[in-house]
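Atom set for the values below is all heavy atoms of this structure, side chains included, hydrogens, waters and symmetry mates excluded.
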Amino acid sequence: MTEILKTLWDCLLDSLVDTAKLIPFLFLTYLLMEYIEHKTSEKAEEKIRKAGRLGPVIGGFLGIVPQCGFSASAASLYSGRIITLGTLVAIFLSTSDEMLPILLSRAGTVGAKTIAEILIIKVLVAIIIGLGIDLIMHLTAKDNKKVEIHCLCEDDDCHCEEGSIFKSALHHSVHIVVFIFIVSFVLNALIALVGEAKLGAAISKIPVLDCAVAALVGLVPNCAASVVITEMYIAGIIDAGAMMAGLLTGCGIGLLVLFRTNKKNLMENVKILFIMYFAGVVVGSIIHFMGIAI
């Protein structure tokens with residue numbers, strides 16, 4: 001019983017630290033959104049939307065920064081329709097949460113060339129898929145949605161028009177931070193009680209479907225997913241295909257924030273999740289069956 005309480009206490013502290021790291025990203029994101037909503041004209045909003053056509057390229061590179069705050073910010077920005085769907089997916093695919101710090105800490109074992117190849121593949125996949133999605137949205141005339149920041153305000157019942165943009169940004173940040181903390185604590189506790197070893201074994205025990213299982217594990221909105229997948233690859237338990245499948249779908253708490261801020265569009269969120277999973281499995285399987293060594 002004492003051991004369980006200690007584990008839960010550690011999970012609580014980890015959740016507090018992880019959530020605290022997101023606060024600056026979320027506050028600045030909502031501050032930007034409030035500024036756009038209250039201080040810019042419709043013409044300015046249109047320019048912002050059009051400028052987002054290069055978003056997947058920028059997002060693909062931003063995602064490799066070892067901080068899931070970008071994926072959280074991207075989810076909120078997409079919910080307000082400030083960035084495109086392709087940009088969101090590009091950031092999600094290129095984000096790998098704890099992967100880069102772990103690889104850098106094992107540079108003597110992994111090698112700089114391997115780390116560079118992993119990052120390059122992730123960025124290229126993210127950009128190509130992101131641009132492809134935006135092209136499809138454009139050709140099907142589904143990319144003409146206006147900025148909808150007010151929808152977030154209605155969901156949080158913040159009455160933004162009655163106060164300053166700083167107060168509104170703080171209000172939104174508090175709402176999402178509390179939500180993230182609660183869910184993160186529950187996930188941390190479940191993973192800690194189950195054990196990362198068992199989570200890793202779930203991938204290695206199914207060699208034929210390792211890419212599909214790894215991609216599924218990567219979708220878990222918790223840093224443990226990227227840690228397990230990266231460590232298993234370094235140990236030689238899974239190959240480059242399964243590793244890439246799991247790391248492509250592992251966007252930290254990005255999906256968690258998306259389902260919270262874009263909750264009125266549940267089916268759209270599910271489709272985005274499916275796109276992430278499909279991309280991870282396909283790319284991972286190609287690497288696996290072609291015998292590409294990274």
For a 4.5 angstrom cut-off between non-hydrogen side-chain atoms, does I58 reach T87? no
Taking side chain to side chain contact (heavy atoms under 4.5 Å, CB included) as the test, write out the residues that go with M290, two or more places apart. I286, I292
Residue set satisfying side chain to side chain contact (heavy atoms under 4.5 Å, CB included) with V110, at least two apart, ordered chain then number -> L103, R106, T114, I115, I234
A212 backbone acceptor or donor facing Y277 side chain under 3.5 Å: yes
Examine I91 and I128 and state if one hydrophobic cluster contains both, with Ile, Leu, Val, Met, Phe, Trp and Tyr joined whenever side-chain heavy atoms are less than 4.5 Å apart. no
When rounded to the nearest 0.5 angstrom, what is the spacing between CD in E231 and OG in S226? 10.0 Å
Results of side chain to side chain contact (heavy atoms under 4.5 Å, CB included) for V123 - residues two or more places apart only: F61, I64, I127
Pairs meeting criterion side-chain hydrogen bond (donor to acceptor under 3.5 Å, both in side chains) with involvement of residues 236-249, two or more places apart: D239-H288
At their closest point, which heavy atom of T261 faces which heavy atom of S76, and how far apart are they? CG2-OG, 3.9 Å
Where the side chain of N269 meets the backbone of N262, is there a donor-acceptor pair that is under 3.5 Å apart? yes
Starting from I120 and following side-chain heavy-atom contacts under 4.5 Å between hydrophobic residues (I, L, V, M, F, W, Y), which residues can be reached? L124
Do Y233 and M99 have side chains that get closer than 4.5 Å, going by heavy atoms? no
Side chains of F92 and I275: does their closest heavy-atom pair fall under 4.5 Å? no
So, T95 side chain and C251 main chain: donor-acceptor pair closer than 3.5 Å or not? no
With I121 via side chain to side chain contact (heavy atoms under 4.5 Å, CB included) - residues at least two apart: V125, M244, I294
Tell me whether D134 contacts the main-chain N or O of G86 through its side chain, where contact means a donor paired with an acceptor under 3.5 Å. yes
Verify same cluster id: V17, I253 (apolar side-chain graph, 4.5 Å): no
Does any part of the side chain of L248, heavy atoms only, come nearer than 4.5 Å to the side chain of K122, both counted from C-beta? yes
Shortest non-hydrogen contact between V281 and C211, atoms and distance: CG2-O, 4.2 Å
Minimum heavy-atom distance A90-P56, with the two atoms named: CB-O, 3.6 Å
Mind checking whether L255 and P221 have side chains closer than 4.5 Å, heavy atoms only? no
Should M267 and F274 be counted in the same cluster of Ile, Leu, Val, Met, Phe, Trp and Tyr side chains packed under 4.5 Å apart? no
Measure the spacing between CD1 of I272 and CG of L88 and express it to the nearest 0.5 Å. 5.0 Å
At their closest point, which heavy atom of S94 faces which heavy atom of G63, and how far apart are they? OG-CA, 3.0 Å
Are the side chains of M276 and L93 in contact, using a 4.5 Å heavy-atom criterion? yes
Pairwise side-chain contact, M137 with T84, heavy-atom cut-off 4.5 Å (strictly under): no
